[in-house]
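Notes for the one structure printed next.
Naming: A, B, ... by sequence-line order, numbering from 1 per chain.
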Number of protein chains: 2
Amino acid sequence: MDAAGSLCCNRPMAAHASPSNPALAGRPADTDAPAFSPLYQQIKALIVRSLQGAEWKPGEAIPSEMELAARFKVSQGTVRKAIDELSTENLLVRRQGKGTFVATHAEQKVQFRFLRLAADDGEPAEAQRRFIDCRRLRAPSDIARALNLKSGDTVVQVRRVLSFRASPVVLDDIWLPGQLFKGLTAEKLSEYRGPMYGLFETDFGVRMIRAEEKIRAVAADAVAAQLLGLAPGAPLLSVERLSLTYHDRPVELRRGLYNTTSHHYRNELS
Amino acid sequence: MDAAGSLCCNRPMAAHASPSNPALAGRPADTDAPAFSPLYQQIKALIVRSLQGAEWKPGEAIPSEMELAARFKVSQGTVRKAIDELSTENLLVRRQGKGTFVATHAEQKVQFRFLRLAADDGEPAEAQRRFIDCRRLRAPSDIARALNLKSGDTVVQVRRVLSFRASPVVLDDIWLPGQLFKGLTAEKLSEYRGPMYGLFETDFGVRMIRAEEKIRAVAADAVAAQLLGLAPGAPLLSVERLSLTYHDRPVELRRGLYNTTSHHYRNELS
DNA sequence: GAGTGGTCTAGACCACTGA
DNA sequence: CAGTGGTCTAGACCACTCG
């Protein structure tokens with residue numbers, strides 16, 4: 001059977017011809033966009049929708065390529081291309097012989113997937129976490145703006161220090177939408193083993209997908225200097241991170257101060 | 001015709017069976033690695049070899065997928081997958097209806113593809129370049145080590161300042177292997193319009209593929225402070241970049257100091 | 001209209017996993 | 001062993017570019 005000029009079944013002119021493909025069950029016809037997208041992009045969107053709706057949870061396997069192909073009434077190759085892209089975007093993880101799984105922060109080998117800090121000597125070294133503060137408050141206007149909240153909405157603010165080899169290196173201030181993180185306490189944070197984003201997933205159903213960072217050099221103020229064991233005025237790396245979940249919805253703002261005396265922020269350009 | 005169990009021609013058991021595929025003309029059999037790689041990976045390696053050997057130059061079109069498929073005696077789909085990966089690695093650029101082209105720094109829209117600096121207000125703003133120095137010298141040991149040179153080898157050292165809206169923001173020290181950059185002068189650098197990496201391509205045949213950066217916060221020393229119009233001790237972003245060409249060979253070391261008072265280094269995590 | 005890359009299909013076989 | 005993802009092929013049609 002040839003591709004686009006399919007004679008069989010309920011899918012006339014598969015590929016580009018029918019943006020509101022009747023074979024794509026469950027796809028609402030009310031999308032006002034004329035949206036002229038390839039089939040595999042539509043499949044991709046459907047999969048993302050299922051991920052967002054928690055039809056398959058982080059760490060679980062999604063249906064096999066064959067099953068999905070049958071469900072969406074397309075060929076395995078088309079499903080494959082959709083999954084390929086979701087896999088390079090780190091939403092899914094393929095494991096040959098086993099299946100395709102929803103990516104998760106909870107079963108990470110490394111403690112911090114998003115922390116780009118490395119020791120100058122290259123040694124991995126484990127981090128100790130110390131939570132200084134965890135409180136609820138009305139979002140300051142800049143925080144509210146970044147998180148796309150109404151001014152006056154509640155946020156959870158967390159302050160913590162990360163230490164390597166018993167010396168403090170990172171001071172983080174973290175703001176989270178109060179609406180999404182009901183019941184988050186310093187105790188919960190302290191008890192949880194593994195990456196913080198793993199806790200967010202399992203306890204609050206919030207999955208961090210990607211993040212944008214803005215980096216500066218600043219002078220340490222009195223509080224930061226004290227917490228990091230430095231002289232006031234010492235140069236620190238300021239890292240402001242906005243974390244996003246599905247559909248680029250912002251769900252975390254983080255302001256970090258890194259002591260880069262014996263560590264550095266590593267980055268890869270291409 | 002089915003795939004792997006091909007009956008025709010000179011390619012027995014195409015896919016995984018024959019690592020030293022006789023159809024892959026020009027491929028030396030002396031690779032000692034047992035190398036059990038998929039066909040498309042082998043094709044990819046052959047294309048990279050042609051790029052490195054300048055069979056097709058930056059900006060030029062490479063042969064069409066059909067032609068390459070014929071040359072390598074594989075299907076178009078296999079060539080396609082190889083090109084797909086080279087395209088996401090930014091070695092090639094596909095243009096629908098026109099062809100596939102060798103990526104180049106010379107015809108960039110933006111002046112700086114690798115410079116991650118952005119103005120806080122979001123305005124693009126053009127950069128002014130000022131070259132302070134360009135000399136040849138014996139590589140200091142740390143530079144030699146980073147560039148994989150023998151100690152005592154010659155390097156070209158360039159110092160320059162970038163300004164935005166007439167105020168200096170970036171001070172760069174750049175080291176290049178003297179062997180590769182014979183005849184590079186401050187004059188050439190000043191005269192060239194467009195990104196420096198474009199000049200490296202067209203005049204020296206050196207193409208930057210990717211780079212690794214290490215970022216720190218430091219205090220401005222007297223020289224840097226003077227050149228950037230700051231007080232000594234002011235916090236600066238220190239960015240050490242190692243640029244690599246084909247096969248991850250290092251070809252440039254760069255140490256930059258960024259004034260992040262009204263600019264920031266932006267980064268994307270995923 | 002010819003040539004290019006882009007999408008889609010159908011079907012084969014391979015490599016890996018785990019019962 | 002059956003089931004999964006991974007590779008490869010052959011062939012069709014679509015969308016875009018340019019002469």
Side-chain angles (χ1 to χ4, degrees), chain A residues 1-9 11-19 21 23-24 34 36-44 60-70 72-88 92-101, chain B residues 1-9 11-19 21 23-24 34-44 60-70 72-88 92-102:
Chain A
M1 162 178 144
D2 60 294
S6 166
L7 294 177
C8 79
C9 75
R11 182 158 38 71
M13 304 302 287
H16 310 284
S18 74
N21 189 325
L24 298 172
F36 215 50
S37 71
L39 245 190
Y40 75 89
Q41 290 285 5
Q42 301 176 39
I43 303 299
K44 202 176 143 183
E60 290 180 6
I62 72 171
S64 75
E65 297 179 353
M66 288 306 244
E67 281 179 77
L68 289 174
F72 298 133
K73 297 216 166 58
V74 298
S75 80
Q76 187 197 8
T78 301
V79 169
R80 191 166 183 73
K81 182 144 186 179
I83 292 180
D84 274 345
E85 292 202 353
L86 292 171
S87 174
T88 65
L92 297 176
V93 176
R94 322 186 79 139
R95 291 189 200 132
Q96 181 170 138
K98 300 178 75 173
T100 303
F101 298 78
Chain B
M1 163 180 144
D2 61 299
S6 167
L7 293 176
C8 79
C9 74
R11 182 157 41 71
M13 305 301 287
H16 311 285
S18 73
N21 188 327
L24 298 173
F36 215 49
S37 71
L39 246 191
Y40 77 91
Q41 288 285 5
Q42 302 176 40
I43 303 298
K44 201 176 144 184
E60 290 180 5
I62 72 170
S64 75
E65 296 178 352
M66 289 304 244
E67 281 179 76
L68 289 173
F72 298 134
K73 296 216 168 56
V74 298
S75 80
Q76 189 199 5
T78 300
V79 170
R80 190 164 183 75
K81 181 145 186 177
I83 292 180
D84 274 346
E85 292 203 353
L86 292 171
S87 175
T88 65
L92 296 176
V93 176
R94 321 187 78 139
R95 290 187 201 134
Q96 179 171 142
K98 300 177 75 171
T100 302
F101 298 78
V102 182

- Message: Looking at K98(A), I'd like to know whether one of its side-chain N or O atoms comes within less than 4.0 Å of OP1 or OP2 on dG18(C).
- Response: yes

- Note on the structure: For Y40(B) and A82(B) the tightest heavy-atom approach is O-CB, 3.5 Å

- Query: For the side chain of E67(B), counting heavy atoms from C-beta on, which of dT7(C), dT4(C), dG18(C) is nearest?
  - Reply: dT4(C)

- Atom-pair distance (CE on M66(B); P on dA10(D)), nearest Å: 11 Å

- Item | Spacing of F72(A) atom CZ relative to dC8(C) atom P, expressed in whole Å | 14 Å

- Task: Could you tell me whether the side chain of I83(B) reaches within less than 4.5 Å of the side chain of L68(B), counting heavy atoms only?
- Result: yes

- Taking dC8(D), dT17(D), dT7(C) as options, the one with an atom nearest any side-chain atom of Y40(A) is dT7(C)

- Query: For Q41(B) and dT7(D), what is the distance between atoms CD and C1' respectively, to the nearest whole Å?
  - Reply: 11 Å

- side-chain contact (heavy atoms from CB on, under 4.5 Å), paired with L86(A), selected from L92(A), V93(A), I62(A), I43(A): L92(A)

- Do E60(B) side-chain atoms and V102(B) backbone N/O form a donor-acceptor pair below 3.5 Å? no

- Item | Under-4.0 Å side-chain N/O to phosphate OP1/OP2 contact, R80(A) with dG6(D) | yes

- Side-chain atoms of R94(B) come closest, of dG18(C), dG6(C), dT7(D), to dG6(C)

- Min side-chain heavy-atom separation T78(A)-S75(A) under 4.5 Å: yes

- S75(A) side chain, from C-beta outward: closest of dT9(C), dG5(D), dT7(D): dT9(C)

- Atom-to-atom span, CG of L68(B) to P of dG5(C) - whole angstrom: 8 Å

- Query: In whole Å, what is the span from the CD atom of Q76(A) to the P atom of dA12(C)?
  - Reply: 13 Å

- With a non-hydrogen cut-off below 4.0 angstrom, is Q96(B) in contact with a base, only sugar-phosphate, or nothing? base

- Query: Taking OP1 and OP2 of dT7(C), is either one under 4.0 Å from a side-chain nitrogen or oxygen of K81(A)?
  - Reply: yes

- What is the distance, rounded to the nearest whole Å, between atom CD of Q42(A) and atom C1' of dC8(C)? 13 Å

- Message: If you only use heavy atoms from C-beta on, which nucleotide in dG5(C), dC8(D), dG5(D) is closest to the side chain of L39(B)?
- Response: dC8(D)

- Given atom CZ of F101(B) and atom P of dT17(D), what is their separation to the nearest angstrom? 11 Å

- Item | Between dG5(C) (P) and D84(B) (CG): distance, integer Å | 12 Å

- Task: For G77(A) and for T100(B), locate the closest nucleotide of DNA chain C by heavy-atom distance; then report the residue assigned to the nucleotide nearer the 5' terminus.
- Result: T100(B)

